[in-house]
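One structure below.
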Amino acid sequence: DWIVGLLTAGVAPAAGEAEAQGSARIWVDGQPEYFRRGDRMNVNFSVSDDSYVAVVHIDTERYLDFVFPATPWDNEFVRARGVHRISPRGSAGAWTVRGSPGIGYFYLIASPDPLDFSYFRSRAGASWDWGYAGQFVRGDPFLALDQIARMLLPGTPYPRYVFDYYSYYIDGVHRYPSYACSSSSYY
């Protein structure tokens, strides 16, 4: 069974909504929270049930990017209980920490239903296209990520998915992302 997106935000499920059993986890080797520019991080994830998975990165400067799958044309299906490492495009290595001081996020979305990347696809074989959805977060990053999950699972008011996130700090502790104070929403 899967959790409904709204349930993860603390909203009680309505009659007929799915209840949660599945789980997803994303982490960095060693679980550090604090990094300096130039540090390396190995990003991993696992799911408790076979799932369709997307991982979105929001850097400290509010830039959104899918890091899994590598392109919107790749297969996003993942088998349960294995550990999956996410490497930067074109590399088998670790992520290099970049950006200005602030908070960054890796956000994992896992669903029993295939994900629809049509809002984020450019021409066949090309990489991600954020023209429709926008590629920068303004305001609450979790609201933006919930909106992305709903775009990946259209056609139902209560999409079935679980999520997890890993937050990290660059150059010290920050109470909130600098872009969270923006007056505009994600879309």
Side-chain angles (χ1 to χ4, degrees), residues 5 8-10 23-47 51-72 74 76 78 83-111 115 117 119-120 127-152 161-187:
T8 63
S23 64
R25 183 169 170 251
I26 191 163
W27 70 95
V28 169
D29 286 350
Q31 295 292 330
E33 291 181 38
Y34 309 101
F35 293 91
R36 288 187 217 143
R37 283 181 290 267
D39 285 349
R40 308 284 282 165
M41 67 169 89
N42 291 308
V43 181
N44 309 287
F45 72 89
S46 65
V47 292
S51 303
Y52 295 90
V53 171
V55 178
V56 178
H57 179 232
I58 302 177
D59 72 12
T60 59
E61 296 168 349
R62 71 188 178 110
Y63 181 80
L64 287 159
D65 194 20
F66 280 99
V67 296
F68 185 88
T71 76
D74 291 342
E76 77 276 20
V78 171
V83 173
H84 307 275
R85 175 156 289 166
I86 303 170
S87 297
R89 283 184 195 91
S91 168
W95 290 85
T96 300
V97 175
R98 296 184 184 143
S100 57
I103 304 172
Y105 300 92
F106 286 95
Y107 184 80
L108 168 70
I109 302 162
S111 175
L115 303 177
F117 292 103
Y119 286 116
F120 307 100
S127 193
W128 300 99
D129 180 0
W130 288 85
Y132 175 81
Q135 194 164 8
F136 296 96
V137 173
R138 292 173 204 88
D140 185 342
F142 294 100
L143 176 59
L145 293 165
D146 184 63
Q147 290 171 344
I148 289 170
R150 291 174 182 284
M151 293 171 91
L152 292 172
Y161 68 94
V162 293
F163 76 93
D164 191 29
Y165 70 93
Y166 178 83
S167 58
Y168 63 92
Y169 302 95
I170 296 179
D171 293 337
V173 177
H174 305 274
R175 291 184 59 191
Y176 52 86
S178 59
Y179 50 82
C181 298
S182 175
S183 61
S184 301
S185 65
Y186 164 68
Y187 57 94

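Worth saying up front: this structure is predicted, and the values here are computed from it rather than measured. Computed from heavy atoms alone, side chains included, the values below leave out hydrogens, waters and symmetry copies.
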Nearest 0.5 Å please: distance from the [atom1] atom of [X] over to the [atom2] atom of [Y].
X	Y	atom1	atom2	result
M41	W95	CE	CH2	9.0 Å
I26	S46	CD1	OG	9.5 Å
L145	I109	CG	CD1	6.5 Å
I170	R37	CD1	CZ	7.0 Å
Y63	I58	OH	CD1	12.5 Å

Are the side chains of [Y] and [X] in contact, using a 4.5 Å heavy-atom criterion?
X	Y	value
V83	W27	yes
L152	F66	yes
S100	T60	yes
V43	V67	no

For [Y], is there any backbone N or O sitting under 3.5 Å from a side-chain donor or acceptor partner on [X]?
X	Y	value
S111	Y52	no
D164	L108	no
E76	V53	no

Specify the closest pair of heavy atoms between [X] and [Y], including all atoms of both residues, with the distance to one decimal.
X	Y	value
V47	A110	CG1-CB, 3.8 Å
M151	Y119	O-CD1, 3.5 Å
A54	P69	CA-CD, 4.4 Å
I103	S167	CG2-CB, 4.3 Å
V162	S23	CG2-C, 4.0 Å

Discussion item. Parallel, tilted or perpendicular: which one describes the rings of F163 and Y161, with boundaries at 30° and 60°?
Written reply: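 Tilted, since the angle between the ring planes falls between 30° and 60°.
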Item to complete: May I ask you to decide if the ring planes of H57 and F106 are parallel, tilted or perpendicular, using 30° and 60° as cut-offs?
Response: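 Rings of H57 and F106: parallel, under 30°.
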Worksheet item: More than 12 foreign heavy atoms under 6.0 Å from OH of Y165: is that the case here?
Response: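 It does not: Y165 OH has 12 such atoms or fewer within range.
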Fill in: R36, CZ: over 12 other non-hydrogen atoms inside 6.0 angstrom
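It does not: R36 CZ has 12 such atoms or fewer within range.
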Worksheet item: Strictly by modelled atom types, are Y34 and D39 linked by a side-chain donor-acceptor pair under 3.5 Å?
Response: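 No - no donor-acceptor pair under 3.5 Å links their side chains.
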Worksheet entry | Worked verdict on R85 versus D29 for side chain to side chain contact (heavy atoms under 4.5 Å, CB included) | CA-CA 10 Å; R85 175 156 289 166; D29 286 350; 2.5 Å; yes
Practice prompt. Applying ring pair (Phe, Tyr, Trp, His ring centres under 6.0 Å), run through F35 and Y169 and close with a yes or a no.
Written response: CA-CA 6 Å; F35 293 91; Y169 302 95; 9.6 Å; no
Discussion item. Is there a side chain to side chain contact (heavy atoms under 4.5 Å, CB included) between F68 and V78? Walk through the geometry before answering.
Written reply: CA-CA 11 Å; F68 185 88; V78 171; 3.8 Å; yes
Discussion item. Walk me through whether Y107 and I148 qualify under side chain to side chain contact (heavy atoms under 4.5 Å, CB included).
Written reply: CA-CA 10 Å; Y107 184 80; I148 289 170; over 6 Å; no
Discussion item. Using the rule given for side chain to side chain contact (heavy atoms under 4.5 Å, CB included), can you reason through R40 versus T96, listing the C-alpha separation, both sets of side-chain angles and the distance that settles it, and then say yes or no?
Written reply: CA-CA 5 Å; R40 308 284 282 165; T96 300; 2.2 Å; yes
